[in-house]
Amino acid sequence: MSEEELNELNELRKERRKKLKELKEKGIPAYSEKYERSHQVQEILNNFADFDEDTTISLAGRLMAVRSHGKASFADLADMSAEIQLYAKEDDLGVELYELFASLDIGDHIGVEGTLFKTRRGEITLWIEDFRLLAKSLRPLPEKWHGLTDVELRYRQRYVDLIVNPEVKETFITRSKIIHSMRSYLEEEDFLEVETPLMHTIAGGAAARPFVTHHNALDMELYLRIAPELYLKRLIVGGFEKVFEIGKNLRNEGISTKHNPEFTSLELYQAYADYEDMIEITENIIVQIAEEVLGNLEIEYQGEKIDLSPSWKRMTMLEAIEEEVGVDFSEVDDLAAAKELAAEYKLELEEEDSVGKIINSFFEAFVEEKLIEPTFIIDYPLAVSPLAKRKEDDEDFTERFELFIAGNEIANAFSELNDPLDQKERFEKQMQQREAGDDEAHMMDEDFIRALEYGMPPAGGLGIGIDRLIMLLTDSSSIRDVILFPHMRPEK
RNA sequence: GGGCCAUUAGCUCAGCUGGAAGAGCACCUGACUUUUAAUCAGGGUGUCGGAGGUUCGACUCCUCCAUGGCUCACCA
């Protein structure tokens, strides 16, 4: 770094650069080789009684605080597992090494060696006999008391957030456990984990605007996937009977506390099954996760107590609307009457050209947010379900459900449409809407129709929004709190 | 994209109707060999988000821009 660049640094950073230079002059490595430690901090804290005062142990971690008393100092060392107090005395380390210890900064990584004791106040402490600087920190950490609360900084510099806000680390450990529990449930049930393409020539499987990218060698536009659905169903055609994929979907839409442009979902498909089976899997999987990861089926989300104990409530969409709004849509069968109702309830419609879409709008506007306890809403209008099988006794509705908890949609599932001719007609209907300006309408996928023509067994399919589920189980109000690096605009 | 709000030291924040930029922590200097938000004495380290404007004078008022938050719309 040149003199000019150095001069632009603030005082705190200049100070640390100065110390780095001094270390170099003394021949002390500021970024040294690996350090063999004997224990993690948590093991020490849990098993203090097992260590006598002659047992030498070694730890490695980041210096989080220093309390210097002249010729002796206390400090706090944090590794991933926990924090422990260090005690360093000039008598034991010698003048030179103690001076080095005294010059350490908060944020530095060190490896320490010594024996354990308890202070007068009863705190387990490592009495240092030797230590080594492992990595010098050149930037000051946020304040120890308030930590880092500026959400912009927390998301942009998640590494700092993780260093100073322990509960953030907890959330992401829980996230990992949730996904692990989900995967082990599915493997236990003999589902095969697969990976399908992220780059699609046709963006399908959901109603959403895709990101577009360009393949140079092929000189063609590609879409980043909005859902893995159509590929997973091709695998059901191919003879896999139980498949699942946990992965990212990318949607070129608004960003909010519930939406990130890339988000993680579970999708699974089971041959010879239907949406009733999917209800069962959904409930089982979430109950297992809550039991394994939280050890509790009674959770609290943003101040609301929620009981995840089975069996969860089921209602048809029409029943839910009738209960909440008092309108019985089973009595409404023409578009004009539905539009009149929408006007009466001050629902602003855009392109709703069918009773089904208006029913769905009523549901979204008046019912969704009221569904606090886990509730399966079943039987969705055909008009908003272009990939789901029709109900046998009602042409206008499908064998589909969504699961709502705490007012949020957590899962979406249906009996998969496996009639290729019906599917083709529905794609054609979607294409018309697309041409009429609805750029979220489904695209025609000829190859998917071809696959269905070879014969797809009846199948149930299920999608779970993993980020949303994790928000619920970690009591996080924003999706950004459960995604390590949420999308942000560039700085400056 | 619309509405509302925010942006001041490394961090967390005060700064009134326009009149000499502040506190705590962190940091620096000194004292201190069981402290733990260590303590004691001294030190303010700043492009007040950016650019214009009004004014004798702007952190403060106005306009535009940037970023973020909440919210509505779209979506999961």
Side-chain angles (χ1 to χ4, degrees), chain A residues 8-16 18-19 64-76 83-93 98 102-103 105-107 117-125 127 137-157 160-161 163-165 205-210 226-227 249-267 348 350-351 364-365 368 384 402-404 408-412 438-440 463-469 471 477-480 486 488-492:
Chain A
E8 282 178 18
L9 300 182
N10 65 47
E11 289 305 312
L12 298 171
R13 291 180 62 197
K14 267 186 205 162
E15 194 62 40
R16 294 194 177 202
K18 205 174 97 192
K19 285 187 185 173
M64 296 304 289
V66 178
R67 294 175 290 283
S68 165
H69 295 256
K71 295 194 161 49
S73 296
F74 290 91
D76 296 331
E83 266 188 47
I84 191 170
Q85 178 165 266
L86 306 177
Y87 182 57
K89 216 161 77 157
E90 193 186 79
D91 296 348
D92 306 311
L93 291 176
Y98 184 77
S103 76
D105 286 303
I106 290 168
F117 76 107
K118 268 192 186 171
T119 62
R120 261 184 229 158
R121 298 268 290 266
E123 179 158 353
I124 296 170
T125 302
W127 194 313
S137 164
L138 297 178
R139 287 175 186 261
L141 286 175
E143 193 213 349
K144 60 185 172 186
W145 201 235
H146 299 91
L148 185 69
T149 58
D150 182 318
V151 288
E152 183 175 355
L153 280 179
R154 288 187 43 223
Y155 299 145
R156 283 195 197 283
Q157 301 184 41
V160 179
D161 191 27
I163 292 167
V164 300
N165 295 325
R209 284 208 300 275
I226 56 174
N249 296 321
L250 301 111
R251 298 189 184 175
N252 204 343
E253 283 165 352
I255 298 174
S256 77
T257 49
K258 291 177 186 172
H259 302 86
N260 193 60
E262 47 182 303
F263 65 99
T264 304
S265 71
L266 160 72
E267 281 204 16
E348 284 181 30
E350 284 184 16
E351 309 261 327
E364 289 181 351
E368 257 189 43
V384 294
E402 289 191 358
L403 167 67
F404 292 86
N408 285 318
E409 181 192 334
I410 303 292
N412 177 20
D438 180 358
D439 51 8
E440 281 162 17
I464 293 181
I466 289 183
D467 307 290
R468 296 262 177 94
L469 178 64
M471 284 170 69
S477 63
S478 168
I479 197 167
R480 290 173 174 158
M488 301 286 275
R489 288 181 205 220
E491 294 177 69
K492 286 170 195 171

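Proteins get letters first, then strands, A, B, ... in listed order; numbering begins at 1 in each. These numbers come from the heavy atoms of this one structure, side chains and all, not from hydrogens, waters or symmetry mates.
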Touch class at under 4.0 angstrom, heavy-atom based, for A/N252 against every strand present: nothing
OP1 or OP2 of B/rG68 under 4.0 Å from side-chain N/O of A/R156: yes
Ring-on-base stacking B/rA38 with A/F74 (under 5.5 Å, under 30°): no
Among B/rU34, B/rA76, B/rU12, the nucleotide that comes nearest once only the side chain of A/E143 is considered: B/rU12
Sugar-phosphate only, base, or nothing, as touched by A/G465 at under 4.0 Å among non-hydrogen atoms: nothing
B/rC13 and B/rC48, which share atom name C1', separated by this distance in whole Å: 13 Å
Candidates B/rA76, B/rA38, B/rC11 - which lies nearest the side chain of A/P142: B/rC11
Sugar-phosphate only, base, or nothing, as touched by A/K144 at under 4.0 Å among non-hydrogen atoms: sugar-phosphate
Touch class at under 4.0 angstrom, heavy-atom based, for A/E15 against every strand present: sugar-phosphate
Sugar-phosphate only, base, or nothing, as touched by A/L12 at under 4.0 Å among non-hydrogen atoms: base
Sugar-phosphate only, base, or nothing, as touched by A/S68 at under 4.0 Å among non-hydrogen atoms: base
Sugar-phosphate, base or nothing in reach of A/R489, heavy atoms under 4.0 Å: sugar-phosphate
Whole-angstrom distance between B/rC59 and B/rA38, as gauged at atom P: 36 Å
Nearest-neighbour nucleotide for the A/L153 side chain, B/rU34, B/rC11, B/rC27 considered: B/rC11
Residue A/H146, side-chain atoms from C-beta onward, closest of B/rU12, B/rU71, B/rU36: B/rU12
Phosphate contact (B/rC27 OP1 or OP2) by A/K18 side-chain N/O below 4.0 Å: no
Nearest listed nucleotide, side chain of A/I106, among B/rC27, B/rC13, B/rG24: B/rC27
Touch class at under 4.0 angstrom, heavy-atom based, for A/E440 against every strand present: sugar-phosphate
Which nucleotide in B/rU34, B/rC11, B/rC13 has an atom nearest any side-chain atom of A/T149: B/rC13
